[in-house]
Amino acid sequence: MSEREVADERYRVGYALQPKKVESFIQPSLHEYASNHGIDLIQIDPNTPLQQQAPFHCIIHKLYTPHWTKHLQQFSALNPNTPIIDPPDLIHRLHNRLSMLHPLSHSQISLQDATLGVPNQLLLQSSHNIQHLPLRFPAIAKPLAADGGAGSHELRLVFDREGLTALTLPTVLQEFVNHGGVLFKIYVAGRRVRCVKRKSLPDISEEELRTLKGAVPFSRVSDSGVEDGVDSAEMPPQSLVDELARALREALGLNLFNVDVIRDANEPARYLVIDINYFPGYAKLPSYEPFITHFLLDVVRAHSA
Ligand SMILES: O=P(O)(O)O[C@@H]1[C@@H](OP(=O)(O)O)[C@H](OP(=O)(O)O)[C@H](O)[C@H](OP(=O)(O)O)[C@H]1OP(=O)(O)O
Ligand SMILES: Nc1ncnc2c1ncn2[C@@H]1O[C@H](COP(=O)(O)OP(=O)(O)O)[C@@H](O)[C@H]1O
Ligand SMILES: [Mg+2]
Ligand SMILES: [Mg+2]
């Protein structure tokens, strides 16, 4: 049977992304799969009013300039029924490492025997007395801004109080939790959810802690490929993955994001959310073409029903 399934109705989905993201996300395989299922992916020129590029059945985007936001607002005013995936003001909450975890810092999801929370963290400011921080070392210093801008992925492992002096303040300081070097990335696209394993920072032993001093920079650990320990790591329960995705989708009001989750090596039923990313690198998911296409079909069909 032919793979091609030409749908009766065609939908125009506009995308506004940076050139690098167009290259990684709008791959020919996605274009083709979407097209075969009735979705025409149309590249938007963010510098031209959207109305001139219409019609669209849906718009997806990852651009943050005020200029782009204004174009979106103008278009929405004229086309209130066209879904914008997602509203810029809601995406904005993920650009701050404190507000991104806010929905989870104030609640703890329990499912079967597992719990889901966030590591102990604070916003370290120059007014803090570093002798009396309510936080244990080792810790990770993370830039408050998580907007993809310069430096937003420049993190530091901090082993002791002296290490704090190397940091540019304010910064988010989060307790490092040993988690067996394995990270779970939960990709969400509307009601569609996929969880994959990635390499993460290795555990830090008590012995290492006695010798490691100060602060060391690191970045993009999960980009550096899959390792042996990762392959054999048990996945989190599917019910936990689904419930986390559902709860976050509802709390954040967003459709396109992923969540970085670790499992406490000393308490294996304790899962911790450490990061949430807007419109992440879906193309790294095997078979991301149907994943994204069926999400887009969910959206356009819900709005044209
Ligand atoms: O480029 P990729 O595929 O590594 O995707 C990045 C994401 O990687 P992931 O899918 O979680 O492995 C990445 O996730 P992490 O922060 O590395 O967990 C970010 O979402 C990044 O966006 P930004 O630089 O924060 O705006 C994403 O970068 P952009 O492609 O959106 O610029
Ligand atoms: N609290 C933590 N405990 C242990 N490892 C962590 C913690 N926070 C982050 N990491 C490690 O650092 C990596 C980057 O941190 P993350 O918060 O995801 O920032 P980024 O937005 O740059 O991906 C994570 O993928 C994980 O490997
Ligand atoms: Mg991350
Ligand atoms: Mg991130």
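The residues of the chain are indexed from 1 along the displayed sequence. These figures come from a predicted structure and were not determined experimentally. Read the numbers this way: they start at 1 and go in the same order the structure lists the ligands and their atoms.
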request  = Ignoring hydrogens, just give me the one of L94, N277, L201 whose non-hydrogen atom is nearest atom 11 (C) of ligand 2.
outcome  = L201
note = Counting heavy atoms under 4.0 Å, the part of N178 that contacts ligand 2 is neither
request  = May I ask you to establish whether R263 and F184 are in a cation-pi arrangement, using a distance under 6.0 Å from NZ or CZ to the six-membered ring centre and at most 45° from the ring axis?
outcome  = no
message = For a ring pair (Phe, Tyr, Trp, His ring centres under 6.0 Å) check, start with the C-alpha distance between H71 and F75, then their side-chain angles and the critical distance, and finish with the verdict.
response = CA-CA 6 Å; H71 276 315; F75 180 80; over 10 Å; no
Which of the ligand 2 atoms, numbered from 1, are nearer than 4.0 Å to a heavy atom of S200 = 26 (C), 27 (O)
request  = Answer with yes or no whether the side chains of H92 and D89 bring together a donor and an acceptor at under 3.5 Å.
outcome  = no
Heteroatom N/O/S of S152 within less than 2.8 Å of the Mg ion (ligand 4) = no
I262: numbered ligand 2 atoms lying under 4.0 Å from its heavy atoms = 3 (N), 4 (C)
key: Proximal heteroatom of D275 relative to the Mg ion (ligand 4) (N/O/S)   = OD2
Nearest option to atom 9 (C) of ligand 2, as decided by whichever heavy atom of M100, E175, H179, K142 sits closest = K142
ask   = Going by atom types alone, do Q73 and S76 pair a side-chain donor with an acceptor below 3.5 Å?
value = no
inquiry  = Can a side-chain donor-acceptor contact be found between S200 and H179 if the only test is distance below 3.5 angstrom?
reply    = yes
request  = Please determine if V177 has a nitrogen or oxygen closer than 3.5 Å to a nitrogen or oxygen of ligand 2.
outcome  = yes
query = Can you check whether S152 has an N/O within less than 3.5 Å of an N/O in ligand 2?
reply = no
message = When you measure from the side chain of R156 to the backbone of F218, do you find a donor-acceptor pair of N or O atoms at a distance under 3.5 Å?
response = no
inquiry  = Against ligand 2, does R97 come closer than 4.0 Å with any heavy atom?
reply    = yes
inquiry  = For R93, is there any backbone N or O sitting under 3.5 Å from a side-chain donor or acceptor partner on S99?
reply    = yes
query = Can you list every salt bridge (Lys or Arg N to Asp or Glu O under 4.0 Å) pair that touches residues 23-41, not counting sequence neighbours?
reply = R10-D40
request  = Measure from the Mg ion (ligand 3) to every N/O/S atom of D260 and report the name of the nearest one.
outcome  = OD2
query = Any idea which atoms of ligand 2 are less than 4.0 Å away from a heavy-atom of P119?
reply = 1 (N)
ask   = Given V259, D275, V182, which one has a non-hydrogen atom that is nearest to atom 21 (O) of ligand 2?
value = D275
request  = Please check if any side-chain donor atom of D45 sits under 3.5 Å from a side-chain acceptor atom of Q52, or the reverse.
outcome  = no
inquiry  = Ring-plane angle category for Y187 and Y282, please: parallel below 30°, perpendicular beyond 60°, tilted otherwise.
reply    = tilted
query = Which atoms of ligand 2 have any heavy atom of I140 under 4.0 Å away?
reply = 2 (C), 5 (N), 6 (C), 7 (C), 8 (N), 9 (C), 10 (N)
message = Only heavy atoms of Q174, strictly under 4.0 Å: list the atoms of ligand 2 that pass.
response = 1 (N), 2 (C), 7 (C), 8 (N)
D260 neighbourhood, listing ligand 2 atoms whose heavy-atom distance to it stays under 4.0 Å = 18 (O)
ask   = For ligand 2, which atoms, with element, lie under 4.0 Å from some heavy atom of H153?
value = 20 (P), 21 (O), 22 (O)
List the atom pairs, donor and acceptor, that lie under 3.5 Å between side-chain atoms in residues 58-67 and the rest of the protein, sequence neighbours left out.
from	atom 1	to	atom 2	distance (Å)
H61	ND1	W68	NE1	3.1
H61	NE2	D86	O	2.7
K62	NZ	Y278	O	3.0
K62	NZ	F279	O	3.2
Y64	OH	H95	NE2	3.4
T65	OG1	W68	N	3.1

